[in-house]
Amino acid sequence: MYPRLSSMALACGLAASGMTFGASAQAQALDAAGLQAIEAAVNKVAPKMVSWRRDIHAHPELSGQEVRTAKLVAEHLKKLGMEVQTGVGGTGVVGTLRGGLPGKVVALRADMDALPVQENTGLPFASNAKANYLGKEVPVMHACGHDAHVAMLMGAAEALAGMKAQLPGTVKFLFQPAEEGAPVEADANGKVPSFGARAMIEAGALKDVQAIYGLHITANLPAGVVGYRNGPLMAGSDNITIQIEGRGGHGSSPWSAIDPIVAASQVVLGLQTVVSRQLNISQEPAVITIGQIQGGTRYNIIPDNVEMLGTLRTFDEGMRQDAIQRITTTAESIAASSGAKARVRFGPVAYPVTTNPAALTQASLPALNLAMGGKTMVIPKVSGSEDFSEFQKVTPGFFYFLGAPPKGKDFTKAPPNHSALFDVDEDQFPVGARSLAALAVDFLKRP
């Protein structure tokens, strides 16, 4: 369910596009003078963004544990004179900047959580943090750039706070916990506890908000280039759990048992045909991956059970439902053919497709192109997932990627998000903050 950009897919997509940057004939409400004011304000805070990012990077916190980061954010927003809510949807923070003129309400969002990854970047501010994850002590790293997201939104907040008197409306700054997913389970009634974006929504973070913008930094786009697309951008995600129930026995006499390991192996292979032979991938792509198999305790003992964990990624709700049914049927039928039983369930974590609505996309592109100096381009669909999609279910939302490969790194070969080697170019932070601030001001000024 985590956002990952495929450098190969992007390279192919960019090559196919001939590296032609976007342009739009539409007029934006934000003009060159307005952008110049935003840029000047953002540039003043650029050193702070680097400092904030390095501090957050050195002190990463797992999903739902973002206490230190939330405190840093809240204190900053309070110094800017904003109305600040803490503990929103867990450790979330919402800062409200009311402009000097009446108008609409727009939101900007950044996610705060890190991942259970052992950092191997060698950076002077590399993480040595450890935390508890699923009952185990694990290393923690900002391997997905959320440290940069927080720093850029803090920068955009300071820039916009400095022009408060001229703002025709209200900007909400949403600092979200648990985008990477919380280790939740359904209760006795089948209800899954809310976390991340959904929890913030339920706590009222989107009250009165008419549009929301967010970005994701990536090392797999050219530096200073925004990648976007209208419609489905990132896949919906469903966790898959398959329990194979057999009958244990001695490894020397498998005929006296029902081997769930063999059945599980056949199920894994059979699931490959769901995408390759059963779904119409000429309409939309799909991905099914089994990423974990657990079963057995000793080399010569056939166990009773095997558990498999995986993920389903889709870009269309109809295809998603079709895939869910086919995965279930395939697993149950293959297991039954060997005398075993398969129990298939999906969730408890499921993210919708991240979809940029056509109207908001087209209305936002002129200002985005202005802010980026025309360096915007349509990119291929991304099979990673984002719970920004939860916000988009409530109010129109536009999500995009910002290229920031480390200096000297080819963007097609740079370590991707979630890698222990993941890093980004800090010189792109003002670019990201400028784009967010520009989109917010443009939305407020549009009729």
Side-chain angles (χ1 to χ4, degrees), residues 1-2 4 134-135 180-196 198 234-249 254 257-281 283-297 301-353 383-387 389-390:
M1 64 188 143
Y2 310 118
R4 292 178 185 168
L134 297 177
E180 298 289 359
V184 296
E185 290 293 340
D187 62 19
N189 298 316
K191 180 176 174 56
V192 178
S194 296
F195 62 88
R198 185 182 298 178
M234 301 182 70
S237 170
D238 289 274
N239 288 11
I240 307 169
T241 301
I242 303 176
Q243 297 275 355
I244 304 294
E245 299 178 5
R247 187 175 68 244
I258 297 176
D259 194 336
I261 291 180
V262 172
S265 301
Q266 293 170 333
V267 168
V268 171
L269 294 177
L271 291 178
Q272 309 312 304
T273 68
V274 173
V275 171
S276 68
R277 289 296 182 269
Q278 300 180 51
L279 298 179
N280 185 355
I281 56 173
Q283 295 180 348
E284 293 285 0
V287 175
I288 298 172
T289 293
I290 299 298
Q292 183 177 353
I293 299 178
Q294 294 180 326
T297 58
I301 299 175
I302 296 172
D304 288 318
N305 302 285
V306 169
E307 181 179 71
M308 298 184 289
L309 305 179
T311 185
L312 166 66
R313 307 296 172 111
T314 52
F315 291 90
D316 174 82
E317 180 60 27
M319 182 177 284
R320 172 182 176 246
Q321 294 300 328
D322 188 22
I324 285 173
Q325 182 57 54
R326 291 178 183 276
I327 289 169
T328 301
T329 300
T330 298
E332 289 178 347
S333 299
I334 290 175
S337 70
S338 63
K341 292 181 180 179
R343 301 184 187 278
V344 185
R345 62 184 176 90
F346 295 85
V349 176
Y351 287 176
V353 178
S383 56
S385 300
E386 243 283 355
D387 79 342
S389 55
E390 296 285 359

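Quantities reported herein were computed from a predicted structural model and do not represent experimental measurements.
- Contact annotation: the side chain of Leu271 approaches that of Ile327 to within less than 4.5 Å [non-hydrogen atoms, C-beta and beyond].
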- Task: Would you sort out whether Asp259 and Ser338 count as a side chain to side chain contact (heavy atoms under 4.5 Å, CB included), showing the intermediate values?
- Result: CA-CA 8 Å; Asp259 194 336; Ser338 63; over 6 Å; no
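- A donor and an acceptor atom, one from each side chain of Gln321 and Gln325, are nowhere located under 3.5 Å apart.
- Screening Val267, Asn305, Ile258 for a side chain to side chain contact (heavy atoms under 4.5 Å, CB included) with Ile244, the sole residue that qualifies is Val267.
- Of all non-hydrogen atoms in Gly181 and Phe195, the two that sit nearest each other are CA-CE1, 3.5 Å.
- Contact record, Ile334 with Gly270: CD1-CA, 3.7 Å, taken as the closest heavy-atom pair.
- Looking only at side-chain heavy atoms (C-beta outward), Pro303 and Ile261 come within less than 4.5 Å of each other.
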- Go through the steps for Asp387 and Arg198 under the test side chain to side chain contact (heavy atoms under 4.5 Å, CB included), then give the verdict. CA-CA 8 Å; Asp387 79 342; Arg198 185 182 298 178; over 6 Å; no
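- Between the CE atom of Met308 and the CD atom of Gln294 there is a distance of 12.0 Å, given to the nearest 0.5 Å.
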- Item | side chain to side chain contact (heavy atoms under 4.5 Å, CB included) between Thr330 and Gln278, worked out | CA-CA 11 Å; Thr330 298; Gln278 300 180 51; 3.7 Å; yes
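- Between Arg247 and Ile302 the shortest heavy-atom distance is O-CG2, 4.1 Å.
- To the nearest 0.5 angstrom, Glu332 atom CD is 11.0 Å from Lys341 atom NZ.
- With rounding to the nearest 0.5 Å, the separation of CD1 in Ile281 from CD in Glu284 is 11.5 Å.
- Here OG1 of Thr241 is found 11.0 Å from CG of Asp238. Values are rounded to the nearest 0.5 Å.
- Taking CZ from Arg343 and CD1 from Ile242, the interatomic distance works out to 13.5 Å, rounded to the nearest 0.5 Å.
- Heavy atoms only, all atoms of each residue included: Leu312 and Arg320 are closest at CD2-O, 4.2 Å.
- Under the 4.5 Å side-chain criterion, counting only non-hydrogen atoms from C-beta, Thr314 is not in contact with Leu279.
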- In sequence, state the C-alpha distance, the side-chain angles, and the governing distance for Phe346 and Ile240, and then conclude on side chain to side chain contact (heavy atoms under 4.5 Å, CB included). CA-CA 5 Å; Phe346 295 85; Ile240 307 169; 3.7 Å; yes
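- In this structure, Asp316 and Val353 approach most closely via the heavy-atom pair N-CG2, 4.2 Å.
- Shortest non-hydrogen contact noted between Ala340 and Gly246 is CB-CA, 4.4 Å.
- Residues Pro260 and Glu245 are not in side-chain contact: their nearest non-hydrogen atoms beyond the backbone lie 4.5 Å or more apart.
- Test Ile288, Val275, Val274 against Arg326 for side chain to side chain contact (heavy atoms under 4.5 Å, CB included) and you get one pass: Val274.
- Here CZ of Arg345 is found 9.0 Å from CG of Asn239. Values are rounded to the nearest 0.5 Å.
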